[in-house]
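Working notes, structure below.
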Amino acid sequence: MSMDIIPVSASADEKQMWNRFVREHYPPVGAFMQTWEWGAFQEALGRRTERYFLKKGGEPRAAVALVHHPLPLGLSYAYAPRGPVISRDASDAEHAEIFGAIRRWAPERFPRSVFVRLEPPVPRLADAVRKSGFVAPPYYVQPRFNLAVPLDLREEEIIAGFHPSTRSNIRRASRRGVEIEMKSALSGSDLEQFFAMAKDTIRRNSGKNAYPTPAYFRSFFETIPIAGSRDEAENLSVGVFSGYRNADPAGIHFVLFFGNTATYLYGASYRNHLNSKVTTSLHWAAMREAKQRGMEYYDIGGIDEAIWPTLTDFKRQFRGKEFCYVGNMDMPVRPLLYRLYNAAHRLKEFS
């Protein structure tokens with residue numbers, strides 16, 4: 001029985017079916033990037049997005065949302081961030097079948113693509129997949145290593161598991177007048193406040209900018225709804241957590257809610273309020289909210305000792321569970337142009 005690759009329409013039923021499959025078959029980290037809403041956000045940024053089910057005997061066995069990124073000369077590359085999503089009960093042989101089907105299908109479907117980039121959320125791949133024509137570039141897009149705090153214990157048990165200095169910082173924040181509010185709406189002035197905090201954060205990070213453009217954030221909040229009730233997170237939404245010190249704005253975190261995981265996305269703070277420990281308090285407030293929503297994990301984001309040693313040390317003090325994924329798998333459609341793309345990428349890294 002062959003593996004059929006079927007496009008997904010934008011009907012309400014198929015949107016619901018798509019998000020249900022992602023919720024049911026995704027591991028704790030990164031599911032939001034394959035949701036219907038995240039694809040709609042990519043489209044708002046001007047990136048064509050297509051979604052496909054890989055079906056066997058009429059039943060979905062995998063799902064992949066591909067985002068097309070433009071390149072010069074009318075070319076592009078197709079990227080599946082943290083995808084494809086593969087059925088939890090798929091065997092190694094079926095994994096190989098899924099990737100083999102994409103390998104045969106993609107060049108004909110995307111003739112103007114230089115390459116197709118997959119990023120399966122799995123810790124390992126069968127040898128048959130690795131030998132099926134995919135290439136692992138010497139870099140990765142999404143973090144290969146993430147840390148997520150399990151939320152299946154009582155609040156006092158979760159906080160007891162933190163590093164002693166983290167527990168102390170949460171208490172210190174309260175004593176120093178820190179209060180956290182989860183907003184029910186985001187105003188233009190709230191977003192401008194975040195941009196100002198981001199500039200301050202960049203300055204104390206030696207000018208290194210890890211933030212997208214203001215236009216990116218505006219499109220994000222025009223597309224992804226603000227989190228409302230604590231019902232099951234069937235669709236992607238964003239929680240806006242604002243921290244105040246003695247009523248003065250001190251920090252802001254954006255946290256995504258979907259399925260069983262809350263994901264810290266971006267945060268920023270003012271230098272003059274750092275000693276209030278508002279950042280630690282914001283993370284704890286988001287964890288508590290996620291737990292009250294019935295979620296199982298709080299994904300605090302990527303870690304990497306080589307790239308972000310200080311940030312990695314801070315996140316590890318929450319004593320979460322560490323996840324490792326295989327990283328990028330590229331399928332060159334135009335091999336020469338693919339090699340040129342990677343050469344240009346390396347030059348950009350070292351410039």
Side-chain angles (χ1 to χ4, degrees), residues 143 146-151 153-183 186 190-211 227 238-257 262-293 295 297-305 307-322:
N146 275 69
L147 187 144
V149 179
L151 304 175
L153 300 174
R154 290 179 293 129
E155 283 188 8
E156 55 267 32
E157 292 174 314
I158 295 172
I159 201 169
F162 296 166
H163 189 279
S165 65
T166 301
R167 297 198 301 270
S168 175
N169 286 341
I170 292 171
R171 293 191 297 269
R172 190 174 291 127
S174 180
R175 291 195 301 269
R176 293 180 179 177
V178 170
E179 294 183 347
I180 308 298
E181 174 192 10
M182 182 178 169
K183 292 184 172 291
L186 186 76
D190 291 330
L191 201 50
E192 291 302 322
Q193 189 79 252
F194 173 78
F195 295 152
M197 290 179 185
K199 288 180 180 178
D200 198 339
T201 304
I202 292 166
R203 280 194 295 270
R204 63 178 188 264
N205 193 29
S206 304
K208 294 179 181 177
N209 183 11
Y211 297 98
V238 57
V240 178
F241 294 85
S242 292
Y244 302 88
R245 184 185 190 182
N246 298 324
D248 289 334
I252 296 176
H253 281 185
F254 302 143
V255 177
L256 294 170
F257 296 118
T263 304
Y264 166 68
L265 192 63
Y266 287 104
S269 58
Y270 283 131
R271 179 196 303 264
N272 62 326
H273 288 305
L274 282 180
N275 67 351
S276 72
K277 307 305 177 184
V278 65
T279 297
T280 303
S281 190
L282 282 162
H283 279 303
W284 176 232
M287 288 182 209
R288 295 179 69 194
E289 176 65 25
K291 180 173 177 56
Q292 289 166 9
R293 288 173 176 263
M295 295 183 167
Y297 286 94
Y298 178 75
D299 176 11
I300 201 167
I303 56 173
D304 193 309
E305 293 173 352
I307 304 174
W308 314 298
T310 302
L311 185 62
T312 297
D313 182 63
F314 169 75
K315 291 180 178 181
R316 280 180 168 160
Q317 291 185 349
F318 288 96
R319 302 284 173 81
K321 180 179 179 180
E322 297 186 14

Exercise for the section: Could I get the full list of side chain to side chain donor-acceptor pair (under 3.5 Å) partners for Ser269, not counting sequence neighbours? Expected result: Arg204
Practice task
Run the numbers on Phe194 and Leu186 for side chain to side chain contact (heavy atoms under 4.5 Å, CB included), then give the verdict.
Solution key: CA-CA 11 Å; Phe194 173 78; Leu186 186 76; over 6 Å; no
Exercise for the section: Mind listing the closest non-hydrogen atom pair of Asn146 and Gly302 along with its distance? Expected result: ND2-N, 3.6 Å
Exercise for the section: Quick one: closest heavy-atom pair of Ala285 and Ile180, and the distance? Expected result: CB-CG2, 3.6 Å
Completion exercise
Residues passing the side chain to side chain donor-acceptor pair (under 3.5 Å) test with Tyr297, sequence neighbours excluded, are none
Completion exercise
CG (Asp304) and OG1 (Thr312) are apart, to the nearest 0.5 Å, by 6.0 Å
Practice task
Output yes when a side-chain donor or acceptor of Ser168 lies under 3.5 Å from a complementary backbone atom of Pro164, and no otherwise.
Solution key: no
Problem - Over all atoms of both residues, closest heavy-atom pair of Tyr211 and Gly267 - result: OH-O, 2.7 Å
Exercise for the section: Step by step, work out the side chain to side chain contact (heavy atoms under 4.5 Å, CB included) result for Phe162 and His283. Expected result: CA-CA 12 Å; Phe162 296 166; His283 279 303; over 6 Å; no
Handout entry: Whether Asn169 side chain and Ser165 backbone form a donor-acceptor pair below 3.5 Å
Key = yes
Problem - Nearest atoms (heavy-atom pairs only) where Gly320 meets Pro150 - result: CA-CD, 4.2 Å
Practice task
Kindly write out the residues that satisfy side chain to side chain donor-acceptor pair (under 3.5 Å) with Asp190, not counting sequence neighbours, or none if the list is empty.
Solution key: Ser187
Fill in the blank from the handout: salt bridge (Lys or Arg N to Asp or Glu O under 4.0 Å) pairs touching residues 262-281, sequence neighbours excluded, are Asp200-Arg271
Handout entry: Whether Lys315 side chain and Ile300 backbone form a donor-acceptor pair below 3.5 Å
Key = yes
Return a table of donor-acceptor pairs under 3.5 angstrom between the side chains of residues 238-257 and protein atoms on other chains or two or more places apart.
residue	atom	partner	partner atom	Å
Tyr244	OH	Glu181	OE1	3.4
Tyr244	OH	Lys183	NZ	3.4
Arg245	NH1	Asn275	OD1	2.7

Practice task
May I ask you to check whether Tyr298 and Glu289 show a side-chain donor-acceptor distance below 3.5 Å?
Solution key: no
Exercise for the section: Considering only NZ, NE, NH1 and NH2 on the basic side and carboxylate oxygens on the acidic side, decide whether Glu155 and Lys291 come within less than 4.0 Å. Expected result: no
Practice task
With sequence neighbours left out, write down each residue that passes salt bridge (charged side-chain N to carboxylate O under 4.0 Å, His left out) with Glu322, or none if nothing qualifies.
Solution key: Arg316
Problem - Spacing of Asn209 atom CG and Ile202 atom CD1 [to the nearest 0.5 Å] - result: 3.5 Å
Handout entry: Within 6.0 angstrom of Gln193 CD, more than 12 heavy atoms from elsewhere
Key = yes
Handout entry: Closest non-hydrogen atom pair between Leu147 and Asp299, with its separation
Key = O-OD1, 3.3 Å
